[in-house]
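A short write-up of the structure that comes next.
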Number of protein chains: 2
Amino acid sequence: MTRATKTRKGRPKSELGPPANGNRTRIRARNEDNILDAALEVFADCGFKGATIDQIAARAGMSKPNLLYYFRRKRDLYLAVLERTLDMWLEPLSAIRADGDPAEEIRAYINRKLAFSKLRPTASRMFANEIIQGAPLLGTVLQDGLRGIVDEKAAVIRGWASAGKIADVDPYHLIFVIWAVTQHYADFASQVEAVVGSGLSDRKFFRETEAAIDHILLRGILPPER
Amino acid sequence: MTRATKTRKGRPKSELGPPANGNRTRIRARNEDNILDAALEVFADCGFKGATIDQIAARAGMSKPNLLYYFRRKRDLYLAVLERTLDMWLEPLSAIRADGDPAEEIRAYINRKLAFSKLRPTASRMFANEIIQGAPLLGTVLQDGLRGIVDEKAAVIRGWASAGKIADVDPYHLIFVIWAVTQHYADFASQVEAVVGSGLSDRKFFRETEAAIDHILLRGILPPER
DNA sequence: AAAAATATTGACCAATCGGTCAGGTTCGTT
DNA sequence: AACGAACCTGACCGATTGGTCAATATTTTT
């Protein structure tokens, strides 16, 4: 109340989050990006409840009310971060081509998924956090979209198995195994690091990991000939 | 202040948590058990920060101050739950025998680990939560104990590989792959359920899972002969 | 330049939560 | 019965935190 107390009011009040006109501002685009980047890190490190808006705002270089100006609720921000990376998470699976060489398609899928774990480990960890706790906030969003793609690709893999081009393994379990293994190196990186002292960001270790996974999943553990 | 305000005081005050004499009471044993059971569920579902003492106390059928009477701090309870299941978590690996048949030892290890995921899925999820967030509270406790056993068993596996009894795969990666796959069905159960509609508690699905994992890890994905 | 829209913040609030405390009840022992 | 130890609870407190609001600063538009 420094001076002047007449008629001014800041805004129409009810909807001050989104932009009035349809398209977004330069400043808005930049800030939303910074916020989403910061939120990804903090949510991955602390989980949904553990993360605080203050923490994210500080990391994004702004005040808490300013962050809330762009994302009205913590949950909104959380879901925005997940949606932003969902496509990247699903892309490797989508890229499987039914008309390619089966063994090579699967090997390429494994390697793409591992590359994602290397490139976006925090995104992987954030998904892991959410799913471990039963996907309470992501809910059906992920699962509906997921099931369709998985069913589709499982059919492709089953076709390969029926044609004798790959071993006769259940396609769903094959997909689960690939998910499990490739994501393990991102989600449980702290454990891997504790045991062997390296992570996927180490180029040499990445190549070794890739080779070992490819070998085990494609050729198995049993000796080459008996 | 109903009446009588003379000399009585409840307790010596400073140490009222632990029992005065060495051994524990019947009531204490029962309550601690209930609390640890309840805490495991809640911590697995919500993570450390997300879980509340009230929630755990309610699930254990007692008041919050009463729970705090047995476990003075939330962190104490958290660590107690982890320690209580750590042995079960490590046991399958410890049970690997250097003088057994290599392929059978590894297959048995895989199956023991999967059985743990079936029997104690919440324990697995609680460990997963902790490790994903960098094991901030478990810290070196798990990792020190872990590394020793892993190094030991990795040496055993390496010996088998050198002797040509199994394929020449890096033993550490082999262990990571087995961890990843077997724990996946507990930690990401909600995702598995969303895709195929079943979990390890379904006997038929459990047998299928066991068979698929054994097949992929032992024999690989490539067709049996070319 | 002035008005309008957008961006930013300090101060504040209500709810939640970890933990304390004084006192009361039950249990085991003699 | 009685006495101390163990067990239990309602009430409370301080700190944290998600979210609001009025007011101000900055940018964009006319």
Side-chain angles (χ1 to χ4, degrees), chain A residues 1-32 34-35 39 42-43 46-58 60-78 137, chain B residues 1-32 34-35 39 42-43 46-58 60-78 137:
Chain A
M1 57 170 77
T2 47
R3 65 188 129 161
T5 321
K6 294 169 193 167
T7 39
R8 52 53 211 95
K9 64 269 199 281
R11 266 297 209 87
K13 174 202 233 167
S14 50
E15 35 105 0
L16 76 150
N21 53 350
N23 47 4
R24 39 188 30 185
T25 317
R26 257 181 35 239
I27 296 180
R28 184 175 198 89
R30 172 173 51 86
N31 280 344
E32 285 185 351
N34 288 142
I35 292 171
V42 178
F43 280 132
C46 309
F48 177 74
K49 274 283 266 185
T52 73
I53 299 180
D54 274 308
Q55 222 178 328
I56 298 171
M62 65 181 63
S63 65
K64 177 171 70 170
N66 199 20
L67 185 151
L68 268 328
Y69 171 74
Y70 292 103
F71 296 90
R72 300 269 285 272
R73 301 181 172 281
K74 192 185 183 184
R75 195 186 295 104
D76 297 346
L77 175 56
Y78 186 74
L137 294 175
Chain B
M1 58 171 76
T2 47
R3 64 189 130 160
T5 320
K6 294 168 193 170
T7 38
R8 50 63 202 90
K9 62 265 197 285
R11 268 294 211 88
K13 173 199 238 171
S14 48
E15 34 106 3
L16 76 150
N21 53 351
N23 46 4
R24 37 185 33 183
T25 318
R26 257 182 33 239
I27 297 180
R28 184 176 197 88
R30 173 173 51 85
N31 280 343
E32 284 185 351
N34 288 142
I35 293 171
V42 178
F43 280 133
C46 308
F48 177 74
K49 275 282 268 186
T52 74
I53 298 179
D54 275 307
Q55 222 178 327
I56 298 170
M62 66 181 62
S63 66
K64 176 169 71 169
N66 200 20
L67 186 151
L68 268 327
Y69 171 75
Y70 292 102
F71 296 90
R72 301 270 285 274
R73 303 183 171 281
K74 191 185 182 184
R75 194 186 294 102
D76 297 345
L77 175 55
Y78 186 74
L137 293 175

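We use all heavy atoms of the structure for the numbers below, so side chains are in, but hydrogens, waters and symmetry mates are not. Here is the naming used below: chain letters follow the sequence lines, and residue numbers restart at 1 for every chain.
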Take the protein atom [atom1] of [X] and the nucleotide atom [atom2] of [N], then report the distance between them rounded to whole Å.
X: A/R30; N: C/dA7; atom1: CZ; atom2: C1'; answer: 10 Å
X: B/R72; N: D/dC8; atom1: CZ; atom2: P; answer: 16 Å
X: A/L77; N: D/dT17; atom1: CG; atom2: P; answer: 16 Å
X: A/L67; N: D/dG18; atom1: CG; atom2: C1'; answer: 12 Å
X: A/F71; N: C/dT8; atom1: CZ; atom2: P; answer: 13 Å
X: A/Y70; N: D/dG19; atom1: OH; atom2: P; answer: 18 Å

Set of side chain to side chain contact (heavy atoms under 4.5 Å, CB included) partners for B/N66, sequence neighbours left out: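 If we apply the side chain to side chain contact (heavy atoms under 4.5 Å, CB included) test to B/N66, skipping adjacent residues, the hits are B/M62, B/S63, B/Y69, B/Y70.
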Set of side chain to side chain contact (heavy atoms under 4.5 Å, CB included) partners for B/R30, sequence neighbours left out: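 With sequence neighbours excluded, B/R30 shows a side chain to side chain contact (heavy atoms under 4.5 Å, CB included) to B/I27, B/N34, given in chain and number order.
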Straight-line distance of B/I35 CD1 to B/R28 CZ, nearest 0.5 Å: 8.5 Å
Hey, what do you get for NZ (A/K74) to CZ (A/F48), rounding to the nearest 0.5 Å?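 Answer rounded to 0.5 Å: 5.0 Å.
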With a 4.5 Å cut-off on side-chain heavy atoms, are A/L77 and A/I53 touching?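 No, their side chains stay 4.5 Å or more apart.
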Would you tabulate the pairs of protein nitrogen or oxygen atoms and nucleotide nitrogen or oxygen atoms of nucleotides 16-18 of chain C closer than 3.5 angstrom?
residue : atom : partner : partner atom : Å
C/dG18  : OP1  : B/A51   : O            : 3.2
C/dG18  : OP1  : B/K74   : NZ           : 3.0
C/dG18  : OP2  : B/I53   : N            : 3.0
C/dG18  : N7   : B/K64   : NZ           : 3.0

Would you say [X] reaches [N]'s phosphate, i.e. side-chain N/O to OP1/OP2 under 4.0 Å?
X: A/N66; N: C/dT9; answer: yes
X: B/Y69; N: D/dC7; answer: yes
X: B/N31; N: D/dA6; answer: no
X: A/R28; N: C/dT6; answer: no

Who pairs with A/F71 by ring-ring contact (aromatic ring centres under 6.0 Å, His included), at least two apart in sequence or on another chain?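 Not a single residue meets the ring-ring contact (aromatic ring centres under 6.0 Å, His included) criterion with A/F71.
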State which residues pass salt bridge (Lys or Arg N to Asp or Glu O under 4.0 Å) with B/K64; sequence neighbours excluded, sorted by chain then number. B/D54
Please give me the minimum heavy-atom distance between B/C46 and B/A51, naming the atom from each residue. CB-N, 3.6 Å
Set out, line by line, the N/O atom pairs under 3.5 Å between protein and nucleotides 25-30 of chain C.
residue : atom : partner : partner atom : Å
C/dG28  : OP1  : B/R26   : NH1          : 2.6

Have a look at the helix from C/dA1-D/dT30 to C/dT30-D/dA1 and give the angle its two end axes make, five pairs each, rounded to 10 degrees. 10°
Pick the closest DNA chain C nucleotide for A/P65 and for B/P65 by heavy atoms, then say which residue is nearer the 5' end. A/P65
